[in-house]
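Every chain is numbered from 1 and lettered A, B, ... according to where its sequence line falls, protein lines coming before strand lines. What you are looking at is a predicted structure, and each value in this text was computed from that prediction instead of being measured.
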Amino acid sequence: MSLSRRDFIKRGALMSVVGIGAPAFLVKGAYSLQQRDASHAASAASAISTPASAATAQSAGQAAVSNATNNKRILVVIQLTGGNDGLDTVIPYSQASYYTYRNVLAVPKSSVLDLDGKVGLSPYLPKMKQLYDGGNLALIQGVGYPNPNRSHFRSMEIWQTAVPDTIGDTGWLGRYLDASAADDQAARDKALRAINIGQQLPKTFFTSTTLVPSIASIDAYSFAGNTRYPADTQAQIDVINKVYQEASKRGSYEDYIRQAAIDALGSSDTLKRIISSYQPKSQYDAKNQVAQGLKMVAQMIGGGLDTQMYYLTTGGFDTHANELNTHNALMKSLDDGIWSFMQDMIAQGRANDVMIMTFSEFGRRVQENASGGTDHGTALPMFLVGGNIKGGVYGDHPSLDDLDQGDLKYHIDFRSVYGSVLHNWFGADPTPVVGSGWPNVNFLKS
Amino acid sequence: MALDSKHMQAAHLLRRAGFGGSQALVDEYANLDFTAAVDRLLNFSNVDNSAMDNRVAALGMNNPADPKGIRAVWLTRMLYTARPLEEKMTLFWHNHFATAISKVNDAVAMQRQNDLFRSHAMDKFDVLLKQVARDPAMLIWLDSNTNRKGSPNENWARELMELFTMGIGNYTEDDVKQEARAWTGWFERQGAFYFARNQHDFGSKTYLGQTGNFNGDDIIDILAKRPATANYISSKLIKWFVTDKPDPAMVKRISDLYFSSGYSIGAMVAAILKSPEFLAAYRTQIKSPTDFTVGMLRSLEVQKVDQNIAYVPAAMNMDLYNPPSVKGWDWGTAWISTGTYFARANTADRIALQANKNTPYYIDAMGLLKRAGITDASGAVNFYLDLLCDGDVSDGTRNDLVSYIGNVDLSKDNQNSEAKVRGLIHLILASPAYQMN
């Protein structure tokens, strides 16, 4: 099912005010990308080692895969907010220093779910281990960026925008939305190319040309009126649609509100129909927020939306104190949620079309603190999950004996991963999004 | 048709320095010289607030440990206070020193922190900081309880610089580590501040270029003197009252005042409200969910709310006492998404439809019109547009709303006319104009 943005925006007063195409508030001009120096790129390239079976790294700039093979492909990003403790997610149990730096928080070697004889997963990620054993989980180790920022908010912005050196206006997936339709008006106008699951739009989805919808609850995603007078509710919806297409009096923020409301009013009926037409084919724990978010994604996929990108956010990872139980519970939620979703996708016959990517704004300090917690750190692992993922451990775990101010040194720049996702998964040129020269992480089966 | 300039200025002032008000309140402020109107809001410390206290008592939220109760109480205060600026500044500090009950897990401590923000709302900034540094909810929130000599927990130390005083980019990672040592042993014990002498690191620290045996108060004294702090807190107050994009010249002016007034928040707020920039920013902000909710209830003269008011703003992404992070809420366009649009429109529906003919309860939709002597569709549209958004809409919008009333006779007070007027109020509250502040 494909929805045209033109179905949503009846080109009335709004468009005549702000000009055909995009409302003025969305046009932020060309983004600026900091080109990194080539030597840095080269050293990062040499650091990426893929599993023995994997092909050698290829340049992200190589010819794009045919778009035809990619048009059913879906990316699901899971943002872990607060700074996930990578060292208790993927445990470097073979490094003796892990047990020197970690005491309360140390996962005993006997409990670690071993992956490759060097590192293993948290015992609260048994289903991720199953996915790994089935060849459907790629673990990318030691991901970060130069001069890491330990502020939650700045570092999250850096990961969301992929612009570490300046304050970016657009997100990395927002720029992909812009660039992938730069010469294709129809594609650019197509609504619901991306959907945020939640109330607040993450900067990752800030674009120059469109407004990505945010949906926290399908039940609440429609205009309610007086239930005693159904005809009056329809009259209200007609009037409010007209009101929203009048000209703004108070500038860009009012334009922004008008755009959001028009998109909301225009998409609610279709979304409700799609969601109600599809029942999940696996069990999702009602108390697990990750699972519930992924359930909505599964319903949208199953109902036939051809949305390319979904995004959901889960919090609680800022574990400065009493981390153990909190982090274990967070791992379990992630584990159960991803598992339910993948089971659903298998049942729907879409497992090969979906890829989940997890990230967090930073990992945590190697040395645990006296509060049974950890302070803000740097590099951390990312997970890629999907039927088409070539399972394995990518890159070496950073050495705990070679720290920078008590923090891990990164091996793989996160922009390399982003560029690889765009190139390998969507067959897109990553250059407009992350710049050129990033080594490809070759994580796909085909 | 829209308000005249005196009424526009009064309504703007009441919205930004409070949560809006009834037609009578706007009239009252419009009759004052603008400076006098600002002064009336500023000089609140002797204003009698007993009517509000009675409303709060009538809520019956008698369990101080009830998380719903503290939310309902605060919203009721905002709704009925005779000191609007006091509540607006309390909200400012809650957003600034953003502390979430989800982690603190203690409504009594959250209420106590709220009382602290209220009683020091316009105080000297360093005085407020020293109180916040001893606030039990804050001590729990940023893990000070486990910040011990020998193995500091950096959480409070970092956020004090990054979010509460100077802002990012004005310190090094080493400053964070050194500062955390100065705060070791600042604990919360049984709901009170407690200095654990044997957990405090009395050693020498080198912090922001100075060396000494600093403790927490010394750190605040150092931070309060920094130009970056003046700049940061000035910017934040200007963003709150005026615009998301403060003019550097104005920031400089208010920063200078920060020093010349001896760190006086009250002096800075007064200067901001009396600035030309404040008036020029008329209806250019986006209403927060709290402004949205409390604003409509005040304008529509709602005479009674119940405990269910507690989570109304939360549905629009602003759960009071539970900000999403220590950075507080994101403001401006971050309030608006397709999802929050429906949340706003449907909150407006819920409030506009609640009625009880026998007691003044929620909105007396026909009564307000009757009092104003209005009996026709375009009169009703103009009246509610003026009341809710200063009549600041295009003729097209006005005509759309009149067409919604259609041929329903508003001179008759019956079910049909009542439903139409409530539907009209709902539409205005769901319109783009009402989202602007």
Heavy-atom cut-off 4.5 Å, strictly under: side chain, backbone, both or neither for [X] against chain B?
{"X": "A:A220", "result": "backbone"}
{"X": "A:F223", "result": "both"}
{"X": "A:N149", "result": "side chain"}
{"X": "A:K242", "result": "both"}

Are [X] and [Y] close enough that a side-chain donor and a side-chain acceptor fall under 3.5 Å?
{"X": "B:S151", "Y": "A:N369", "result": "no"}
{"X": "B:D143", "Y": "A:H320", "result": "no"}
{"X": "B:E154", "Y": "A:H376", "result": "no"}
{"X": "A:Q199", "Y": "B:T340", "result": "no"}

Any side-chain heavy atom of [X] within less than 4.5 Å of one from [Y]?
{"X": "A:Q200", "Y": "B:D330", "result": "yes"}
{"X": "B:Y404", "Y": "A:D238", "result": "no"}
{"X": "A:F153", "Y": "B:I168", "result": "no"}
{"X": "A:R250", "Y": "B:Y282", "result": "yes"}
{"X": "A:Y253", "Y": "B:M436", "result": "yes"}
{"X": "A:Y256", "Y": "B:I336", "result": "yes"}
{"X": "B:K177", "Y": "A:Q405", "result": "yes"}
{"X": "A:V243", "Y": "B:L427", "result": "no"}

With a 6.0 Å cut-off on ring centres, are A:Y244 and B:Y341 close enough?
yes
Is the closest basic N to carboxylate O distance between A:R154 and B:E162 below 4.0 Å?
no
Salt bridge present between B:R158 and A:D375 (N-O < 4.0 angstrom):
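Looking at A:D375 together with B:R158, the answer is no, because their closest N to O distance does not fall below 4.0 Å.
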How many angstroms lie between atom OG of A:S222 and atom CZ of B:F342, to the nearest 0.5 angstrom?
6.0 Å
Using 0.5 Å steps for rounding, measure from the CG atom of B:D349 to the OG1 atom of A:T227.
8.0 Å
Show your working on side chain to side chain donor-acceptor pair (under 3.5 Å) between B:N153 and A:S371 and close with a plain yes or no.
CA-CA 7 Å; B:N153 185 311; A:S371 329; 3.1 Å; yes
